[in-house]
Number of protein chains: 2
Amino acid sequence: MENPKKKTLGRRKIEIKKIEKKSSLQVAFTKRRGGLFRKASELTVVCGVEVAILVKSPADKLHSFGHPPDVEALISRAEEKIVGGMEQYLKFLEDFGGKVEENLR
Amino acid sequence: MENPKKKTLGRRKIEIKKIEKKSSLQVAFTKRRGGLFRKASELTVVCGVEVAILVKSPADKLHSFGHPPDVEALISRAEEKIVGGMEQYLKFLEDFGGKVEENLR
DNA sequence: AGTACTATGGTTAGTAT
DNA sequence: AATACTAACCATAGTAC
C-alpha cells in the first residue's frame, strides 16, 4: 500500500438531534439540502409526479425546489384555500386530490 | 450455510427515468416518498430549520410534509405574495428571507 | 397501496480547502 | 457558504406477501 494510513475516519454514525457547532451545522445543511433536493428531483422523474419544497436555512434564507419549475404551479393552487386555517387547508387537500394522505412531523 | 442461495439480487443500479411498469412505479413511489420525508424530517432536526413539502402521487393524491406540523405555517406566509405570479413570488422570497437561493428543476 | 427481505448502490460525517 | 475527500453508514431495486 502506498499509504496505509487512512485519510479520514469516513462517515460516522450520528444521533438525529440538532447540531450545535455552527460551522458543522452549516456544512451539514448544505449537504443535506442538496441531498433532499436531489431525492425530490429523482422522485419527479422516476415516478412522474409533482413536488414542491420550501426550506428556510439556518441563516434565514429561503431555498425552494419545484417541479414544475415554477413552484407556484403546485403551491398557488393552495393559496386561496389556505387562508381559512387548517380546516380550510384540509378541505383544499380533498378538493385538490381526492383522498388525503398526510405525513406531519 | 443454511441456504447458500441468495434470496434477492439486492439493490440494482437504475437509470433515473420514468418507470413505466405501473406496479413497480407504485412501489418505488411509496418507498421514495417515505425516504424523502424522512430526509426532510432529519433536516429539520439536525439543522433546526423549517421545511414544507407537497407531493402529488401517481394516483393524484396529495401528500404533505411540514415542520412546523401545520404546513400552512411556512406556506401561508406566501399566499398573499404569490398571487402576482413569478415576479411577485420572487419579491416575496426576498421579503421572506433576505437573499434568495433557488433550486429549480 | 403498503411492508418485508437483503445485497448492493448511494449518501454523508468530519475535516480541509 | 460551498466543494473535495474517503470510509462507513444508510437507502432501496426487485420480488413476494
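Below, read A as the first sequence line, B as the second, and so on, with proteins coming before strands; counting in each chain starts at 1.
- Contact check, B:Lys7 against C:dC5: no side-chain N or O comes under 4.0 Å of OP1 or OP2.
- For the pair B:Pro58 and A:Val49, the minimum side-chain heavy-atom distance is below 4.5 Å.
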A correct 5'-to-3' footprint of nucleotides 12-17 of chain C, with B, S and - meaning base, sugar-phosphate only and no protein heavy atom under 4.0 Å, is BBBB--

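- Following rounding to the nearest Å, A:Gln26 (CD) and D:dT3 (C1') show an atom-to-atom distance of 12 Å.
- Residue pairs meeting the salt bridge (charged side-chain N to carboxylate O under 4.0 Å, His left out) criterion with at least one member in residues 8-17 of chain A, sequence neighbours excluded: A:Glu15-A:Lys17.
- At distances below 3.5 Å, not a single donor-acceptor pair connects side-chain atoms of B:Ser41 with backbone N or O atoms of B:Phe37.
- Judged by Watson-Crick or G-U wobble contacts below 3.5 Å, the nucleotide D:dA2 has C:dT17 as its partner.
- Rounded to whole Å, the distance from CG on A:Leu43 to P on D:dA13 is 11 Å.
- Atom pair B:Arg33:CZ and D:dA11:P shows a separation of 16 Å (rounding to whole Å applied).
- Here the P atom of nucleotide D:dA1 and the CG atom of A:Leu25 are 11 Å apart, to the nearest Å.
- Counting heavy atoms from C-beta on, the side chains of A:Arg32 and A:Leu36 never come closer than 4.5 Å.
- In this model, the phosphate group of C:dA1 is not approached by any side-chain N or O of B:Thr30 to a distance below 4.0 Å at OP1 or OP2.
- Nearest heavy-atom pair across A:Ala28 and B:Cys47 is C-SG, 4.1 Å.
- A:Val46 places a side-chain heavy atom less than 4.5 Å from the side chain of B:Ile16.
- Taking atom CD1 of A:Ile16 as the reference point, atom C1' of D:dC10 lies 11 Å away to the nearest angstrom.
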